[in-house]
Structure formats: C-alpha cells, structure tokens
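What follows is a short report on a single structure.
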Amino acid sequence: MNDLSRRRILFGSAAIGAGAVLTACTSNNAGENTQINTNKDTEANPNAAPGEKVVIAFSAPAADHGWVAAITNNAKAQAAAYSDVEFKSVEAGADAAAQRAALSTLISQKPSVIVLLPHDGKELNAVGLEAMRAGIPVVNLDRAFPDRGAYRLQIKGDNFGMGLAAGTYIGEQLKAKNISNPIIGEIPGIDSLELTQQRSAGFKEALGVYGFKVANRRPAEFTADTGQRAATELLQALPKIDALWNHDDDQGIGVLAAANQSNRKEFLMVGGAGSKAAIDAIVADNTVLKATVTYSPSMASSAISLARLIGQKKGLSDLVELEVPKEITLASETITKENAAQYAKLGF
Amino acid sequence: MTDQRTKTDVPADAPAPVSLTKTSWWKSDGAEPVRRNLGLIGVLIVLVFIGAVTRPELYGDASWVTNNVWTILQQASAIGVVTVGMTFVIIGGGIDLSVGAIIAVAGVWSTTLATQSYGTAGMIFTAIVVGVVVGLVNGVLISYGRLVPFIATLAMMVAARGLAAQISGKQTQVSANSTINDIASTKIFGVPMLVIMLAVVVAGGWVLLNRTTFGRRTVAVGGNPEAARLAGINIRLHTVLLYALSGLCCGIAAIMLTSQATSAQAAMANLYELDAIAAAIIGGTLLSGGRGTIIGALFGVLVFSTITNLFAINNLSTEVQNMVKGAIIVAAVLVQQFRYRSLSQLFSRT
C-alpha cells in the first residue's frame, strides 16, 4: 500500500473531474408550460372576483409520465392564479396504500375541499367516503369512485370518446381516399387498464360504422421505448398499412421514431392526449402524424377552479343551478392541422 | 474453466479409466453448452417454422424475411447487451436487479438539456460513466458493505428509478441530437448499427469470459468463493468489477434505447432485469454461479425476441405471449435439473 502513487492521483482526479462535469449535467430548464384559466374580468364573470378563502388539498400519484406530471403542474399553477386559494399538495406516494395514508393525514387537517387523482378509484373509494362524511367536499379527478356518495364532483376525460373520435377521423379520411378495405393498426397503452379497454372499444365501434376493423394491435406501456418496440413489431407484421391509432402521445414519440427507422410513410397516424410535441408535429405536417384526439390534463386546472367555487358555495354563472354540477365529462376533440393553432395552448 | 477438462490431463503412464474411454466428447460435461445451444437453435428453427406456416404470404417474400431477421436482432440488441453483463454477474455468484433502473438513470442523465448541449460525445460519456458508477456502488455495497446482492440491487433498483424521475422532472426527455437518433436507423453494409453494437459486445464478452484471467476468475469466484480466495483471488475487488461491468453494459444499452426511442424517461427499460435474468438462465447460466456461456445467453435473448415477433405477425395477444415466455423459462430450468440429476446418473451407469 504505497499511499499516493501517481496512478491513484490520476484516477482520483479523473473521477472527481467526471463527477463535477456530470453533476453539472442534471440541470434541465425545459420550462413547464401549464394550461390555466387566467380570466380576471369580474364584469364578464362575477366568479373571478376574490371571495371567501378556500384551502384546497391536492393529491396525485408521483408521476413518471408526462400526462400525470402535467396534471400536478396545472393544479399548482391554477391555484396560484387565485388570491383566495391556499394550495396544499401532498405526494400520493408509490401506490394506493400510500395515497390512502397521505389523504387520512390531510382529512385531519380539515381543508375546505380535497382534489385528488386517485391511484385507483376503487381502492380509494373509502377515503372519499370518509372525507365526505367529515364534511369535506371531494373532487375526483379522472378516476371515478364506485360510490356516488364518495365525491361532490367528478371531472374526467372521455376514454371511450377518444377512441370514437380517433376511429371517426380515420374512417372519414379513408372514405375520402376511397379505400374500401383498409389495413388499420392500433397501439394501445397498458392493456390491463380499464381506460385502455374503453379507448379500444370506442375505436372499434367508430370503425365499425365504416365497415372497417383493426388488423393488428400491439400494446405498449405509455413510454417512448415501449412505443418504439410495439410500433416496430406492428410495422413489420403489416408490410403496408393505411392508418394507425396510437393511444398516447408520449409513447407516440417512440412510434414516430419507429416509423422513421423503418422508412414507412404510406399511412396516416392519429395520436392521443394532445401533447405539445404532437401538436407541433401536426402543424409542421412533415411526419405521418396527422391528428390527435384530446384527453387534456387541463382538467386539473378546471378541477381547482371548480373546487374553489364549491368551497365558496358558488355555481357556474351560465347555469341556472346555484351549485357546481356533480359530474363533468370533457369532450374528446380531434386536433388537426386546421384547428391546431386554437389548441396549441392546451398542449402539455 | 469447466470446459477445459480433457483426456490430456490423464498421466500417460496411468491406465486409462474405463469410463473415460467409453464416454464420447459429445456426452461429456464439456459438450454441455454446445448441446444446450444446439437445443436453443432448434427452438429458434421451430419458431421460424411456425411463423412460415402461419403467415406463408409474408415468409414467401425474401426481402421481407431479410428485413424481419434484422428487426428481430434489432429488437434484441439493447436487452442483449444488458444480458451479457447480467451473465457475468450471475456466473460470478451474484444477481443484478437494478439493470433496468440503471438504464433509466443513464438514459435520463445523458438526455438532460445540459448534457445534450455537450454534443454526442458528452451524451455517450455521461451514459457510460453513470452506468459504471452506479454499478460500482452496487459492487461496493455488496463486497465491502456485505449486503446480499439481491437486497443491494433491489434497493438500487428503487433508488435509481427515483433518481431518474428526479432528474427528468417526470417528463419524457426528447433527444435533439441527430447523431444519437440516427444510430437506430443507420446500416453499415446492410447490417443495422444496433446489431453491430450487439455483436461487438457479445464478442467482447465471449473473449473476456473464455480467454482472459478475468473470465477464469469470474467462474472461480462464482463456483467456489472460498477456494477462489485461498487460490489468491481478491474476491471483493473482483465482485466490484463484475457489477461495474454490468453497469457499463447498461450504459451502452441506454444509448441504444435512447437512439431507438429518440428520447429517454424514468420509466424506460421497465422490467429489463427480469428479461435479462430469464435469457441468461435459459442460455444455461447457473443461477447459483460458476457456470454459464455468453453465446447461450445471446440465444436466450433471441428466443424471446423471436417469440415476440411471431406473436406480432399473427396479431396474437401479449398475455398469451407472456405465458409462453414463462413456460419456456420453466422448461429450460427443468432441462438443467434433469441434466444434473438423471442425465449424469444415466451416463455414469453402464
């Protein structure tokens, strides 16, 4: 053991140098874009005027997916836009059990309203009931509770409607091109999820109207690398296709990469969710991606706005009723090159 | 090396033992990997045959078939590289459950906007160094912290995914570097770049295992650590190096995957540890260490990749595909046990 041989000093300083360079490399200022309601015109909308103070507790799963991350960012940004809202966010942890524990702590702090995106609606149903019984209104974001008494408001996207919109767009496009027996591919997300099954059911139904059906279906896992694998397999299995619906724009990054890598341009592709990257690609019109059907995380911003109204016991000014409705399902819209400019601000 | 025992070891003047002269090389222990690899090639042939029978119109087109072979190999490339590292770790008596998570950290770290600003070399350097360093941490925890490999790498699996999510801010990081993105679409003399990378790693792994002291030590450490220690091998240092090697393979795989998906995210390479362990096992690597081959592991990866392809061209559900994969893993291990119990007894009796 000679203490400081030249080799050791060399390796040591190389290691420290590499470490310094690498730590500098973690910075990532992509800039979060959020989609919030900033309407402050109290003349047009009396609800915009600051009112009674509302404490909104918020809980969403720790996301490794762009859409869930956008949900949390939107909720935070929307709450910050109101001077009368105090926003308390708790990480929901890794699973339903962790989220249950986090929510129990929240309930004991007596917030005015709870807004939550549950890990699983069925598993967190009991927490919803507990909060409602304690007199705290619960706003369920996107993943429904089975018990109608477990929530004050449910705001969600329309999974079946997404499939319907994608299928209708593809059907119309192919009909316009006079293709009578088209070959259509589908790349869903995680196949065991109910939302995936609903999307596929809607897609099948819409295609059925035109007498079309899906020729091959390869599920991915909502990530770009699995999207690339699934798309590569699908394109290899079908040497020529007319249309492809990919359920999720995040995994769509991989699907588009696979199309490029295998040099396939003969088909039209429709995405899902409405990410900023997808909307940009549709506008640029230099890839196979021609449209995407929305499932916008802006619903989190709307959930916070509505939670504030619930807390202040106000209704929606355009409705006759004095209170916020119990259920809201967002429409899934089709973004194409023609209307993309209008939707650009909703891209996440 | 276990494969090196031959008749030349017998002293010339000693009377030749009866059993040795009766047992042909084919039935000997040394031929076991060859027999197993031939078995896996047989499985591959059967899979291709099923494909040709079920989709004759596709298999009738020669250019489609060539393309399909490259597709299968490309789909196997990243996981194949990981499996080479995993095979070394398992032969050395360990296990690495953190490979998928290491790929995620390396991939995410090398695609941050800051790293991307350093260009292609910066991205590759980052992926490799991050992979090796995380592997080193695994190795040090196991060797010097005396943690069981299963626990240490399980902890790393969770922690590294967390770090990846932290760095990426839970977003998908798109790679704007066209050189990296083009790796997946580049072909050299008609051979995809990813397949060449896989071939280089496999060849390197084979040489390292079969033709160097490092390889012989790996087998010794995994086969009988106490004997290896008494023989003067620094077991602890060697174990650290094995996990660093696995980390290096993960770093390379991270670049390959980033190129394929033109992006990286914290959830990438999900469950790659299970695929890599399964491939190594059906390739004949003994889970308890001390025995295994790189070529067998490669065939293991190819079998899985070909099954996926077969199910895709027939539009069959992935659920059934996973059941078939499971059945193949069980069958492979049963064959291994069969060889150890009955087969050896069968051949020793005359």
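Letters A, B, ... mirror the listed sequences (proteins, then strands); counts begin at 1.
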Review point. Taking all non-hydrogen atoms of both residues, which atom of Ser263(B) and which atom of Ala224(A) are closest, and how far apart?
Key: OG-CB, 3.0 Å
Review point. Side chains of Arg218(A) and Thr318(B): does their closest heavy-atom pair fall under 4.5 Å?
Key: yes
Check your understanding: Which residue out of Asn67(B), Val130(B), Asp61(B) racks up the most heavy-atom pairs below 4.5 Å with chain A?
Key -> Asn67(B)
**Study point:** chain A neighbours within residues 303-314 of chain B, where any heavy atom lies under 4.5 Å away
**Key:** Thr308(B), Asn309(B), Phe311(B), Ala312(B), Ile313(B)
Review point. Counting heavy-atom pairs under 4.5 Å to chain B, which of Asn260(A), Leu256(A), Ile253(A) comes out on top?
Key: Ile253(A)
Check your understanding: Which region of Glu57(B), side chain (C-beta onward) or backbone (N, CA, C, O), has a non-hydrogen atom less than 4.5 Å from a non-hydrogen atom of chain A, or is it both or neither?
Key -> neither
Study note, to complete from the structure: So, the part of Asn216(A) with a heavy atom under 4.5 Å from chain B: the answer is both
Point to revise | Heavy-atom contact with chain B under 4.5 Å, split by part of Ala215(A) | key: backbone
Point to revise | Non-hydrogen side-chain atoms of Met268(B) and Thr223(A) separated by less than 4.5 Å | key: no
**Study point:** Toward chain A, the part of Arg55(B) with a non-hydrogen atom under 4.5 Å
**Key:** side chain
Practice item. Say whether, by atom type as modelled, one donor and one acceptor occur between the side chain of Asn315(B) and the main chain of Arg217(A) under 3.5 angstrom. Key: yes
**Study point:** Contact residues of residues 179-188 of chain B (partner chain A; heavy-atom separation under 4.5 angstrom)
**Key:** Ala184(B), Ser185(B)
Point to revise | Side chain to side chain, Gln265(B) and Asp250(A), heavy atoms closer than 4.5 Å | key: yes
Point to revise | Option that, when pairs with chain B are counted at under 4.5 Å, heavy atom only, ranks first among Glu221(A), Gln251(A), Arg229(A) | key: Arg229(A)
Revision key, fill the gap. Whatever's closer than 4.5 Å to a heavy atom in chain A on Val174(B) counts as side chain
Review point. Within the distance-only criterion (no hydrogens, no angle test), does the side chain of Asp225(A) pair as donor or acceptor with the backbone N or O of Leu257(B) below 3.5 angstrom?
Key: no
Review point. Counting only heavy atoms not in Phe49(B), do more than 12 fall under 6.0 Å of its CZ?
Key: no
Point to revise | Part of Glu319(B) lying under 4.5 Å from any heavy atom of chain A | key: side chain
Revision key, fill the gap. Correct closest heavy-atom pair for Gln261(A) and Ser259(B) would be NE2-O, 3.5 Å
Review point. Do other residues, nucleotides or ligands put more than 12 heavy atoms under 6.0 Å from Gln166(B) CD?
Key: no
Check your understanding: Which residues, numbered in order, of residues 234-246 of chain A come under 4.5 angstrom of chain B by heavy-atom distance?
Key -> Gln236(A), Ala237(A), Pro239(A)
Review point. Looking at CZ of Phe348(A) and CD of Gln171(B), how far apart are the two atoms once the value is rounded to the nearest 0.5 Å?
Key: 8.5 Å
Point to revise | Residue-level contacts of residues 70-77 of chain B with chain A, using a heavy-atom cutoff under 4.5 Å | key: Thr71(B), Gln75(B)
